[in-house]
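See below for the structure under consideration.
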Amino acid sequence: MLSSTRRGLVDGLRVAVGEAGYDRDVAPSDIELEAFDDEEKGEFSSAISFAIAADAGENPMEVAHTIADAHRDHGLPKGVARVTVENGHINYHLDATAMARLTLGEIDAEGATYGARERADPDRIVADVSSPNIAKPLHVGHLRNTILSDALMNVLEERGHDVTRDNHLGDWGTQFGNLLHEYVEFGDEAAFEDDPIAHLLELYQQFEQRDGMLEDVADFGALTEEFEDAIAAERAYHTDDGKAWFARLEEGDAEAVDLWEGFREASIERFEAIYAELGVDFDLWLGESFYAREGWNDVVIEKALENDVAMRGPDDSVFIPIYDDDYDDAGDPDRADVDPSLDRAREMLAAAGSVEEADFDAFYIVKSDGSTVYGTRDLATIEYRIREFDADQSVYVVASEQNRYFQQLFVAARKMGYVDIHLEHIDYGMISLPEGSMSTRGGQIVTVREVLDAAQERARDIVREKGRNVAEDEIDAIARKIALATVKYGMVGANRGKDITFDIDEAVSLEGDTGPYVQYATTRAYSILDAAEGVPAVDDVDPTAFNDTDYDLIYHLGRYPLVLDRCEERYDAAPLAHYLLELAHVFNSFYHKNRVLDAETAAEERLVLTDATAQVFENGLGLLGIETLAEM
Ligand code: ARG
């Protein structure tokens with residue numbers, strides 16, 4: 001109800017501003033939602049009077065009064081009782097009874113679709129989600145990505161968009177040449193069969209370590225010439241051989257492709273088991289290799305050269321130059337005013353002598369050895385998403401470590417002429433675990449497997465300890481759902497830009513800012529409903545019977561669609577997570593302050609309210625991928 005009320009207020013305010021004689025456009029953000037319990041502010045408030053007063057050189061108080069009068073004359077939307085002016089703000093006060101009637105009616109009528117939206121012209125959104133590199137285990141960073149992107153895509157779908165989830169695997173690049181080299185040299189088939197990812201990771205680390213050691217020795221200096229040559233030869237053997245293997249892969253050499261496919265399939269098989277456990281799904285698994293193998297890299301390289309967007313360096317590499325001022329609007333990639341001309345770059349290059357020294361950033365699409373890079377495949381992905389999907393948006397859930405890279409990619413994309421597609425890097429902060437909270441097998445990286453196992457173990461303890469109604473054979477199943485709630489809420493509970501420390505012992509708790517806390521509130525609602533003899537029809541109850549605590553809860557239920565608006569605007573699921581936590585608090589205080597089943601007045605009304613609350617919990621938790629529990 002609140003979201004249509006807000007829309008009604010925005011429209012009405014627009015008319016009122018005009019009728020009051022001011023020439024100013026009214027945006028949805030000109031009406032803000034306030035807390036329910038602030039008498040003075042009302043539930044909605046507008047500060048537009050200040051901006052108008054500043055423009056017109058008038059007093060904000062007077063402006064506010066003039067607009068409020070005009071709005072009152074024009075008519076307030078359903079459910080809004082009055083408009084007042086306080087400290088220059090225009091405040092709208094809801095009629096609590098009308099709000100209750102409208103909100104409960106809406107939730108009852110819409111059920112599982114309460115909060116959803118239908119759009120006449122939805123955006124086609126193709127999203128990079130999860131996107132781990134093959135031949136390595138999934139770690140906590142991937143966990144945050146996978147869960148955040150699943151929740152966010154659920155929200156975007158719920159808001160009526162057409163979303164394609166693409167698990168853009170990192171399955172191409174020089175590192176796989178190195179890995180092929182290392183495998184052919186030192187690989188062990190039995191070890192690979194036994195645990196492919198562990199074996200490949202070991203080989204990969206071994207390669208990196210040796211290369212690092214050789215580099216250290218080379219840097220140490222004061223070596224005999226002979227020794228230096230030997231070191232250089234040894235390094236060249238490995239890295240050049242790695243490069244050669246990647247070249248073979250890019251050329252489609254059968255041996256290289258066979259081995260690589262084995263790595264890829266084994267990795268996907270392991271990833272899938274974890275994704276299934278998390279309950280997440282993808283529409284596509286194209287991966288970087290797709291763009292290399294299906295010729296899309298060549299398409300963009302040719303296009304870039306033909307359109308004079310990219311140039312060839314003295315070493316035969318191909319790159320798109322990016323000038324400092326190209327970044328000016330990079331915060332808003334849709335408006336980046338980029339300069340695609342190469343003349344400036346040519347001059348800068350001539351002055352500097354080398355690409356590295358030149359006064360621009362080079363966005364490489366071909367390296368000097370002829371191989372493609374990460375950026376080539378990302379441009380190819382945009383080309384493909386436009387051509388095959390007619391995408392309105394190409395969005396990337398990727399850690400903030402890659403912020404700079406995505407700024408460059410988006411500038412390069414604009415230069416390529418991809419200007420009608422909205423590009424968005426949905427970045428998120430680092431995640432770490434408190435020291436000593438888990439003993440990790442590998443030492444430095446914490447895998448998703450380890451986190452899930454630990455959560456499951458902790459959840460089982462909780463069910464054993466607290467679960468009153470739980471039969472022994474159900475403990476595991478319930479613990480699994482609590483464990484998932486723990487991990488999922490933990491991953492989206494903080495705004496996505498923030499670095500987080502995931503403390504599993506806190507996150508699994510039934511108290512505090514946790515998923516299980518919200519789950520528990522829902523279970524409480526279910527048990528009330530269970531004990532009642534059916535829930536009365538909304539139209540049969542009397543909203544005037546509600547008290548302030550009841551109204552507070554109703555008001556929060558009404559806010560739910562507005563919270564989804566905010567998630568959509570921010571490309572984040574955290575507002576939803578926070579909201580559900582607050583709803584759990586409000587519901588718990590409703591439960592503690594009121595009688596429900598044996599109330600002398602409003603018993604029927606509170607059953608309807610409890611039923612509506614359970615519905616909103618289900619809808620919201622469902623979007624976060626968290627299951628509710630009848631018992632816990
Ligand atoms: N595989 C990359 C990584 O693990 C992330 C890929 C993100 N998507 C992209 N289109 N660049 O760092």
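Heavy-atom basis, side chains included; hydrogens, waters and symmetry copies ignored. Atoms within a ligand are numbered from 1 in the order they appear, just like the ligands themselves. Nothing fancy with the numbering, it's 1 onward along the sequence.
Annotation: salt bridge (charged side-chain N to carboxylate O under 4.0 Å, His left out) contacts of Asp359 (sequence neighbours excluded): none. Taking the side chain to side chain donor-acceptor pair (under 3.5 Å) definition, one finds that Ser289 meets it with Asp171, sequence neighbours left out.
Between Gln402 and ligand 1 there is a heavy-atom distance shorter than 4.0 Å.
When all heavy atoms are compared, the tightest approach of Gln408 to Ile322 is O-CD1, 3.5 Å.
By the criterion of a heavy-atom distance under 4.0 Å, the side chain of Phe406, and not its backbone, is placed next to ligand 1.
Annotation: atom 6 (C) of ligand 1 to nearest protein heavy atom, Tyr374 OH, 3.3 Å. Of the protein's non-hydrogen atoms, the one nearest atom 9 (C) of ligand 1 is Asp128 OD2, 3.1 Å. Distance from atom 1 (N) of ligand 1 to its nearest protein heavy atom, with residue and atom name: Asn133 OD1, 2.8 Å.
Near Asp378, with a cut-off below 4.0 Å to any heavy atom, the atoms of ligand 1 are 9 (C), 10 (N), 11 (N). Below 4.0 Å from some heavy atom of Tyr396 lie the following atoms of ligand 1, by number and element: 10 (N).
Between Phe282 and Trp285, the angle of the ring planes goes over 60°, which puts this pair in the perpendicular group of the 30/60° scheme.
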Just do the ring-ring contact (aromatic ring centres under 6.0 Å, His included) check on Tyr396 and Tyr405 with the steps written out, would you?
CA-CA 12 Å; Tyr396 307 81; Tyr405 167 76; 8.9 Å; no
